[in-house]
Undergrad: 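Okay, here's the structure, questions in a sec.
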Amino acid sequence: MIRALTTSATGLEAQQANIERISNDLANVNTDGYKRSRTEFHDLMYETTKEPGGSLGAGTQSPVGIQNGLGVKVGTSHKIFEQGPAKMTYHPYDLMIEGRGFFPVQLPNGEIAYTRNGAFHIDAQGRLQTAQGAQLIPQTVLPSNALNVTVGGNGEVKAALPNQGEVIIAQIQLITFPNEQGLMAQGDGLYKATLASGAPVQGIPGENGLGSIQQGAVEGSNVNVANSMVDMIATQRAYEMGTKVMGVADQMWGATANIK
Amino acid sequence: MPIALICPVGADYPGHDGQDLFLGGEYLATGMWTSVSGASAQMQNVDAVANNLANADTLGFKKDIPTFKEYLASVEREHGPEDIPRGPIKDKDLHHIDGRDQAFVVVDGTYTDFRQGTLRVTQAPLDIALDGPGFLEVSTPQGVRYTRQGSLKMAMDGRLVTSEGHPVLSAQAAGLAGAQPVDGVQPGQGGPATQGGVAAGQNSAREAARFINLRDRGTNISIAANGEIYAGEDLVAKLNVVEFQDLKQLRKTGSGLFDNRNPGNILGGQGRTVLRQGVLETSNVNPIEEMTNLIKANRLFEHDLKVMKTYGELLGREANDIGKL
């Protein structure tokens, strides 16, 4: 009886983790560069009272065993790096990655992080940086007299300078990882490399499977509202059923206590 | 036996002519334990429902169903031809109490329902659903296990792993093109000889040779219906999809993994399982069925308690009221 209570408690806990994940996804439905998460559940260990295939006597094996499951746990919760929709902004420093890849940026505290939110701005020195002040790596400085900055699909930053015509002033690099799902989300659309993600691999946009760069657009959130709502309904009902089981277990326990 | 302690009086007790009142007493005590066995069986039923519902959203989960059997507590008297009593007929001559009317219930087994779970489209390239009775073969520290959880991931070293980090095994040793088939097993065959050796957990080196590595294979990974993994145009490996003769012999070890202790259980040859890329198999728990089972178990439990209570009252009357007559 206590088993049914604790088993359904693990179910409630898992569904709660799921609803927390869904609420975070839905809260970020308009966050540029946001990637939705997925929670995966795994069944917990089993209490084996009787082995399946155990010997019952000479030449006789039990065809089925007795195994009691002890509930569920959250196995993994990871980001899904599916392309988000393009939002055209026509702002020259808004860069969208079409395909795989991350912009490498250096945070004000010196740490390196990776982001897909390509809404860049320039600071007083003309350096490209994110809204949080993380500098694009390698440092890209736009001359103050630059006119008409264009970023090509291959990451070439060109600007028309007075008396020089159009010159290439920087080359934007993109980063990929052997296992993107192993990245650690830091908030602010930033990710950090971990042991699971593997070492970052640098490349030119548009080459070796890397995405190309689209100027004047940002990548919207890849949260699919309809899917999240369906998930939410399923989660809510699963939670309800868990509490029902708990109620029944409690009732049965109570009834047992009241036999006499 | 606890019953004997409560009421050691039997109809055939020496020096006892089978007084009907005491015969009734014996019935009562045994019947009480029968209803106790029923109540605890229903508790197990609720435990199973709780676990199934807790895993209603677990990928590749297969629900468990407890099965009950009756258990004869004792055969007190051999079943023989009816004797015609000489002299006046008593109750005991009419009812042959041989224990067959006092059946207890015990859980006989929990049987896992291997029906296909619902498929959910995710579009992720490394999500695969097994459509059919097969299992993916994975290598765990405890030996080879089988799973239907198809949310595969790429580890940092490029190995294809489950979300728990256990490497998925290919049908044969690494480098499919020009590789030596393991133990003479031809591609596309889950040969029993290989499987047996590996299932015994004695050959981790051979397991390691069957890891699937997708490092530097680019991003364009496609998995064909027969388990062949392509990177672009190149055939990288073939997932080993294993089918079993008798699914009931599989033992759940948690985290969606199954253990097969009987190497002979593995079917060789081309399987019937079709792999679908970008799809996941969710749990096969049917909430309606589970809620129905829950209500049923709850009510049956209540009935058993009622019976227990009634027996309790009857025994109480036997103890207190009979003397007053």
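Labels below follow one simple rule: chain letters A, B, ... track the order of the sequence lines, proteins then strands, and each chain is numbered from 1. Fair warning: this is a prediction, and the values are worked out from it, not measured in the lab.
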Undergrad: Please step through side chain to side chain contact (heavy atoms under 4.5 Å, CB included) for the pair A:Q67 and B:R251, ending with a clear verdict.
TA: CA-CA 8 Å; A:Q67 288 203 289; B:R251 183 176 180 276; 3.5 Å; yes

Undergrad: Would you say A:N18 and B:D57 make side-chain contact, with heavy atoms under 4.5 Å?
TA: yes

Undergrad: Could you tell me which portion of A:Q181 (side chain, backbone, both or neither) has an atom closer than 4.5 angstrom to a non-hydrogen atom of chain B?
TA: side chain

Undergrad: With only heavy atoms counted, which part of A:N208 is less than 4.5 Å from chain B, the side chain, the backbone, both or neither?
TA: neither

Undergrad: Relative to chain B, which segment of A:K244 carries a heavy atom at a distance below 4.5 Å: side chain, backbone, both, or neither?
TA: both

Undergrad: Considering only heavy atoms, which portion of A:Q15 lies under 4.5 Å from any heavy atom of chain B: side chain, backbone, both, or neither?
TA: side chain

Undergrad: Residues two or more places apart in sequence or in another chain: which of them pass side-chain contact (heavy atoms from CB on, under 4.5 Å) with B:E289?
TA: B:K63, B:R115, B:N286

Undergrad: With rounding to the nearest 0.5 Å, note down the distance linking CD in A:E40 to OG1 in B:T58.
TA: 10.5 Å

Undergrad: Quick check on A:R38 against chain B: is it the side chain, the backbone, both or neither that has a heavy atom closer than 4.5 Å?
TA: side chain

Undergrad: If you look at every heavy atom in B:V46 and A:M252, which pair is closest and at what distance?
TA: CG2-SD, 3.5 Å

Undergrad: Against chain A, label B:S283 side chain, backbone, both or neither, depending on which of its atoms sit under 4.5 Å from a heavy atom there.
TA: neither

Undergrad: Any side-chain donor-acceptor pair under 3.5 Å between B:N298 and A:Q251?
TA: yes

Undergrad: Minimum heavy-atom separation for A:V245 and B:A50, please, with both atom names.
TA: CG1-CB, 3.6 Å

Undergrad: For A:A113, enumerate each residue passing the side-chain contact (heavy atoms from CB on, under 4.5 Å) test, keeping only those at least two apart in sequence or located in another chain.
TA: A:V105, A:L107, A:L190

Undergrad: Could you tell me whether the side chain of B:N55 and the main chain of A:G71 form a donor-acceptor pair under 3.5 Å?
TA: yes

Undergrad: Is chain A contacted by the side chain of B:E313, its backbone, both, or neither, given a heavy-atom distance below 4.5 Å?
TA: neither

Undergrad: Non-hydrogen atoms of chain B under 4.5 Å away: do they reach the side chain of A:T76, the backbone, both or neither?
TA: side chain

Undergrad: Which atoms form the tightest heavy-atom contact between A:G69 and B:N51, and what is the distance?
TA: CA-ND2, 3.2 Å

Undergrad: Okay, side chain of A:N179, backbone of B:M156: is any donor-acceptor separation there less than 3.5 Å?
TA: no

Undergrad: If I measure from the heavy atoms of chain A, does B:L305 come under 4.5 Å with its side chain, its backbone, both, or neither?
TA: side chain

Undergrad: Please output the residues of residues 41-49 of chain A in contact with chain B, using a heavy-atom cutoff of under 4.5 Å, in numerical order.
TA: A:F41, A:H42, A:D43, A:L44, A:M45, A:Y46, A:T48

Undergrad: List the steps, then state whether side chain to side chain contact (heavy atoms under 4.5 Å, CB included) holds for A:T256 with B:M43.
TA: CA-CA 11 Å; A:T256 316; B:M43 276 187 185; 4.3 Å; yes

Undergrad: Given heavy-atom pairs under 4.5 angstrom as the criterion, report whether the side chain, backbone, both or neither of A:A196 touches chain B.
TA: backbone

Undergrad: Of all heavy-atom pairs between A:T10 and B:A54, which one has the smallest distance, and what is that distance?
TA: OG1-CB, 4.2 Å

Undergrad: First locate atom CG of B:D127, then atom CD1 of A:I80, and finally report the distance between them rounded to the nearest 0.5 Å.
TA: 7.5 Å

Undergrad: Going by the ring-ring contact (aromatic ring centres under 6.0 Å, His included) test, which pairs reach into residues 66-86 of chain A, not counting sequence neighbours?
TA: A:F81-A:F102, A:F81-A:Y191

Undergrad: Answer with side chain, backbone, both or neither: which region of A:E13 has an atom nearer than 4.5 Å to a non-hydrogen atom of chain B?
TA: neither

Undergrad: Tell me, for B:I295 versus chain A, whether the close heavy atoms (under 4.5 Å) come from the side chain, the backbone, both or neither.
TA: neither

